[in-house]
Amino acid sequence: MSDKPSNFLATIIEDDLAKGKHDKIVTRFPPEPNGYLHIGHAKSICVNFGLAEQFGGVCNLRFDDTNPEKEEQEYIDSIKADIHWLGFEWNETEKYTSNYFDTLYDYAVHLIKNGDAYVCDLSGDQAREYRGTLTEPGRNSPYRDRTVEENLNLFEQMRNGELDEGSCALRAKIDMAAPNMNLRDPILYRIRKKAHHQTGNKWCIYPSYDFAHGQSDALEGVTHSICTLEFEDHRPLYDWFISKLPVPAVPRQYEFARLNVNYTITSKRKLKLLVDDGVVDGWDDPRMPTISGMRRRGVTPSSLRHFSDMVGTSRAGGVVDLGMLDFAIREDLNDNAPRAMAVLDPLKVVFTNLPEGHREVFTAPGHPNREDLGERELPFTREIYIDRSDFNEDSSLSRKKFKRLVTGEWVRLRNAYIIQADEVIKNDAGEITEIRAKVVEGTVGSDAPEGVRPRGVIHWVSASEGIPATVRLYDRLFDTETPDRGGDDFMQYLNPESLKVLTGCVVEPSLAEGAPEQSYQFEREGYFVIDRYESKPDALVFNRTIGLKEVWERKV
RNA sequence: UGGGCCGUCGCCAAGUGGUAAGGCAACGGGUUUUGAUCCCGUCAUCCGCAGGUUCGAAUCCUGCCGGCCCAGCCA
């Protein structure tokens, strides 16, 4: 708790608790079920659930379902799954703003009776006109002075479905000249003759976000209602409702800057466009910044939580470098992912000093410094595969520049022999199809003998016992730092190389036992995860989560 | 140009009158059967700018400059 990063929200809560303002805090995460959660929501979840956890309080999950036109059960299910996957438990059962529709309706009647709300017949266009602009005050609606009886009656008719959609709306009577646009008689209820995923056909009028949110917080006993900066201007309205209504508690709203990450889009609308246009494979495509996409990519819950802590919580809007997320992912996977060898672009090597049918088995640790991860067996045979990029015919390449196999020289096979390349076999097209080499006897598990100087260490897999696999290499979806900058032209920044599917890969036999979503470090390549949906024991599919850090290209 | 908010190292971010934490990145060096990891070290005399108050300011005051948000019967 004390090693938690300090931020202004924690300070506020600490103060409130110290002053006895609350015995226990209650926060809430209020997604609208109109899309999948993305990395920005992950941040918000970590903030809300994290703060509750940190101070011994609870966090409610409340679906903000006031707009049946855009919401679906599919989204509710995915959101619940995402939160659990991140490792958080919400207080009691999940809640819905729609749970409070009856009370909210009563609250609206309360406002009408006190002359604080009225039914306005202005059309949408007219209402916009009357609202004025940023620099000019608005004008009062001609319906603003209807009597309480008239308003009560009209509101009743709205609720009973006697009035057409768009024909009128219930508005708060505040101040059409307020410099804060949110106070210019905001909409409280509008008519929507749509079935609702929770309440069915019970209602044909639905409360607006502004009218529903604070009251729902109060009804749930939320103490700290934490949202993002764009709702700051709504706080006066939030407080206005709370002061005008007989609510059971007085929640307070606090705002923090939403998370922005470069090379990434976090707009549910735009993400939905990527899905609907088939640019990606769905909301959980591994290239998507959605929680389910990252999960499928192999990103871990703890790396996301750690990333959130690293980034911190403040009121200063900025753009976090994707490299920081990369760091958090690598840090977790480096500590916890078992090691394995996989050859992505196989090139056969035949050992001429080994007899036909030669086979021996080496053991290698599951992890260099995690004994609890056990050992694995590596069958070594007369023919193996190495990666094509780990061999070069040109022996004039400097040892510093190319620490791999070169004609005539030695290289260490990871966890096995030092070998020496003798000869290259090519096909008619001039492509290398095979390398003839020799193993240096007695070099397994021991240093190189005098005169043998391996250039480096490369990975390998037995040709006869390796398992075929499909490996999908993912890269960033956009090739510009600010794909979200412009308007709707973000599609032009799509990275054409965001996905490469390699079908002829060969992986070490121990990987056949891997469970869906198991992560591995393919040594010298990066971190890969077994695809949770498409991988089968006899047809393995791995997704590259992220490559290993590579600094040598720049240095040499 | 009405209102609200923000501005501390390339990026994120502590700090709330007592003389600039930390992380990422970067750059040196060491270890290494992963060009990874790990380890050690370097990296803001300065806190958007200009004045002022004070023994003393990133922290208080004034004025500028720059950026973000708001004119949905979306959230």
Test salt bridge (Lys or Arg N to Asp or Glu O under 4.0 Å) on Asp387(A) and Arg524(A) and set out the steps. CA-CA 11 Å; Asp387(A) 198 275; Arg524(A) 301 208 316 128; over 6 Å; no

Going 5' to 3' through nucleotides 67-74 of chain B, assign each nucleotide B (protein heavy atom under 4.0 Å from a base atom), S (under 4.0 Å only from sugar-phosphate atoms) or - (no protein heavy atom that close). --BBBSBS

Nearest-angstrom distance, C1' atom, A13(B) to G18(B): 23 Å

Scoring nucleotides 6-12 of chain B by protein non-hydrogen atoms under 4.0 Å (B base, S sugar-phosphate only, - none) yields S----BS

Under 4.0 Å, heavy atoms only, any strand: does Ser446(A) hit a base, just the sugar-phosphate, or nothing? base

Are Arg192(A) and Tyr206(A) in a cation-pi setup, meaning NZ or CZ lies under 6.0 angstrom from the ring centre and within 45 degrees of the ring axis? no

Base, sugar-phosphate alone, or nothing: which one does Gly138(A) contact when heavy atoms must sit under 4.0 Å apart? nothing

Would you indicate what Val444(A) reaches in the nucleic acid, counting non-hydrogen atoms under 4.0 angstrom: base, sugar-phosphate, or nothing? base

Scan side-chain atoms only and decide if Gln253(A) and Glu255(A) contain a donor-acceptor pair under the 3.5 Å cut-off. yes

For atom P, what is the distance between U59(B) and U42(B), given to the nearest Å? 29 Å

Taking the nucleotide of RNA chain B with the closest heavy atom to each, which residue, Asp210(A) or Asn369(A), is nearer the 5' end? Asn369(A)

Atom-to-atom span, CD of Glu523(A) to C1' of G35(B) - whole angstrom: 13 Å

Just by distance, no angles: are the side chains of Tyr75(A) and Glu32(A) close enough, under 3.5 Å, to form a donor-acceptor pair? no

Can you check the Asn262(A) CG to A25(B) P distance for me, whole Å? 14 Å

Considering every strand shown, what is the Watson-Crick or G-U wobble mate of U1(B) when both distances are under 3.5 Å? none

Considering only atom P, compute the distance from A14(B) to U8(B) and round it to an integer number of Å. 11 Å

On a whole-Å scale, what distance lies between the P atoms belonging to C24(B) and C39(B)? 11 Å

With distance as the sole criterion, do the side chain of Arg235(A) and the base of G4(B) form a donor-acceptor contact below 3.5 Å? no

What interatomic distance, in whole Å, is found between P of C61(B) and the corresponding atom of U16(B)? 16 Å

For the pair Arg399(A) and Glu409(A), find out whether any cationic side-chain nitrogen is under 4.0 Å from an anionic carboxylate oxygen. yes

Under a 3.5 Å threshold, yes or no: a donor from one side chain and an acceptor from the other, between Lys43(A) and Thr313(A)? yes

Distance, P atom - from A44(B) to C9(B), rounded to whole angstrom: 12 Å

Measure the distance from CZ on Phe8(A) to P on U16(B) and round it to the nearest whole Å. 17 Å

Identify whether any heavy atom of Arg404(A) sits under 4.0 Å from a base atom; if not, whether one sits that close to sugar-phosphate; answer base, sugar-phosphate or nothing. base

Answer yes or no for Arg146(A) and Tyr118(A): cation-pi contact, defined as NZ/CZ to six-membered ring centre under 6.0 Å and angle to ring axis within 45°. no

What contact category does Gln521(A) fall into here, base, sugar-phosphate, or nothing, at under 4.0 angstrom with non-hydrogen atoms? base

d(CZ, Arg455(A); P, U32(B)) in whole Å: 20 Å

Using a strict cut-off of less than 4.0 Å between a Lys/Arg side-chain nitrogen and an Asp/Glu carboxylate oxygen, indicate whether Asp217(A) and Arg62(A) qualify as a salt bridge. yes

Would you indicate what Thr228(A) reaches in the nucleic acid, counting non-hydrogen atoms under 4.0 angstrom: base, sugar-phosphate, or nothing? nothing

Write down the distance separating the C1' atoms in U19(B) and A58(B), rounded off to the nearest Å. 11 Å

If pairing requires Watson-Crick or G-U wobble contacts with both distances under 3.5 Å, which nucleotide is the partner of C49(B)? G63(B)

Checking base pairs now: Watson-Crick or wobble, both atom distances under 3.5 Å. What partners G41(B)? C27(B)

Go through Lys193(A) and Glu165(A) one step at a time and tell me if the salt bridge (Lys or Arg N to Asp or Glu O under 4.0 Å) criterion holds. CA-CA 7 Å; Lys193(A) 296 187 173 173; Glu165(A) 248 180 60; over 6 Å; no

So Arg339(A), base contact, sugar-phosphate only, or nothing? Heavy-atom distance under 4.0 Å. base

To the nearest Å, how far apart are His367(A) NE2 and U32(B) C1'? 14 Å

When both distances are under 3.5 Å in a Watson-Crick or G-U wobble arrangement, the nucleotide paired with G35(B) is none

Tell me whether G72(B) sits syn or anti, counting syn as a glycosidic angle within 90° of 0. syn

Which residue, Pro368(A) or Asp64(A), contacts RNA chain B at a nucleotide closer to its 5' end, judged by nearest heavy atom? Pro368(A)

d(CZ, Arg184(A); P, G4(B)) in whole Å: 13 Å

Positive for side-chain hydrogen bond (donor to acceptor under 3.5 Å, both in side chains) with Asn60(A), one of Glu220(A), Glu94(A), Arg28(A): Glu220(A)

Ignoring hydrogens and angles, are the base of U37(B) and the side chain of Arg330(A) linked by a donor-acceptor pair under 3.5 Å? no

Mind calculating the distance between CG (Asp335(A)) and P (A36(B)) to the nearest angstrom? 17 Å

Mind checking the C1' distance from G7(B) to A71(B)? Whole angstroms is fine. 27 Å

Complement of G22(B), any strand, by Watson-Crick or G-U distances under 3.5 angstrom: C12(B)

Geometric cation-pi criterion Arg412(A) and Tyr417(A), 6.0 Å radius, 45° cone: no

Using 30° and 60° as the class boundaries, would you call the ring planes of Phe241(A) and Phe211(A) parallel, tilted or perpendicular? perpendicular

Interatomic distance, Arg28(A) CZ vs A75(B) C1' [rounded to whole Å]: 12 Å

